Amino acid sequence: MQLAVTVEEMKNYLRVDFEDDDALIGDLIRQGQQICMDVARITDEDEFENLQGTKIAVQYAAAYLYEHREEADHHQPVSYTHLTLPTKA
């Protein structure tokens, strides 16, 4: 899978300046991209990359996954609703 965002771009977006999480961030970029492609109902990676706003959408999804990695419910898949609607406290 060709990534819409590099690990370095994502680290800059997250303001991460260490290398310990590079593999994790790479995995989260791939997962974030797949979530965005699923939401857009696009299976062609080239078509997805040519859409406007692709990079920021993937960064947003990957950042959400990174910032909430400790509280993740691994039994419930991440959905568009989880990424776009705030949760009630």
Side-chain angles (χ1 to χ4, degrees):
M1 172 183 276
Q2 170 111 8
L3 299 180
V5 179
T6 67
V7 171
E8 287 304 315
E9 289 171 323
M10 195 67 222
K11 285 173 65 174
N12 186 46
Y13 183 84
L14 293 168
R15 298 181 183 189
V16 171
D17 60 357
F18 50 89
E19 297 177 1
D20 298 352
D21 287 349
D22 283 7
L24 171 65
I25 291 170
D27 290 342
L28 296 178
I29 292 168
R30 281 184 278 287
Q31 184 62 45
Q33 182 165 325
Q34 188 60 56
I35 290 168
C36 292
M37 289 176 67
D38 290 347
V39 168
R41 296 186 176 151
I42 295 174
T43 57
D44 185 312
E45 293 173 20
D46 293 328
E47 179 184 354
F48 178 72
E49 277 196 38
N50 291 328
L51 291 175
Q52 182 178 4
T54 295
K55 185 174 277 198
I56 193 66
V58 171
Q59 286 176 323
Y60 182 82
Y64 178 89
L65 294 170
Y66 184 79
E67 292 168 358
H68 293 88
R69 65 192 178 280
E70 297 296 326
E71 59 197 56
D73 181 353
H74 299 286
H75 301 289
Q76 179 179 357
V78 175
S79 69
Y80 177 73
T81 306
H82 289 106
L83 293 173
T84 58
L85 299 177
T87 58
K88 294 182 180 179

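All of these numbers come straight from a predicted model, not from anything done at the bench.
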Student check: side-chain heavy atoms of Met37 and Thr43 closer than 4.5 Å: no
Which of Asp22, Thr6, Asp17 passes side chain to side chain donor-acceptor pair (under 3.5 Å) with Lys11? Answer is Asp22
Quick one, Ile42 with Leu51, criterion side-chain contact (heavy atoms from CB on, under 4.5 Å). Give me CA distance, side-chain angles, the key distance, then yes/no. CA-CA 10 Å; Ile42 295 174; Leu51 291 175; 3.2 Å; yes
Side chain to side chain, Gln33 and Val5, heavy atoms closer than 4.5 Å: no
Give the minimum heavy-atom separation between Gln59 and Met10, together with the two atoms involved. O-CE, 3.2 Å
Say you draw a straight line from CZ of Arg69 to CD1 of Ile25; how long is it, rounded to the nearest 0.5 Å? 8.0 Å
At what distance, to the nearest 0.5 angstrom, does CD of Glu47 lie from OG1 of Thr54? 10.0 Å
Looking at every heavy atom in both Glu49 and Leu3, which two are closest together, and how far apart are they? OE2-O, 4.2 Å
Check whether Asp21 reaches the backbone of Leu24 with its side chain - one donor and one acceptor, N or O, closer than 3.5 Å. no
How far apart are the C-alpha atoms of Gln34 and Asp38, what are their side-chain angles, what is the distance that settles it, and do they pass the side chain to side chain donor-acceptor pair (under 3.5 Å) test? CA-CA 6 Å; Gln34 188 60 56; Asp38 290 347; 2.8 Å; yes
With a 4.5 Å cut-off on side-chain heavy atoms, are Val16 and Tyr66 touching? yes
Taking the side chain as every heavy atom from C-beta outward, state whether Val58 and Phe48 have any atom pair closer than 4.5 Å. yes
Got a second to check how far Ile29's CD1 is from Tyr13's OH, nearest 0.5 Å? 12.0 Å
Between Leu14 and Glu67, is any pair of side-chain heavy atoms under 4.5 Å apart? yes
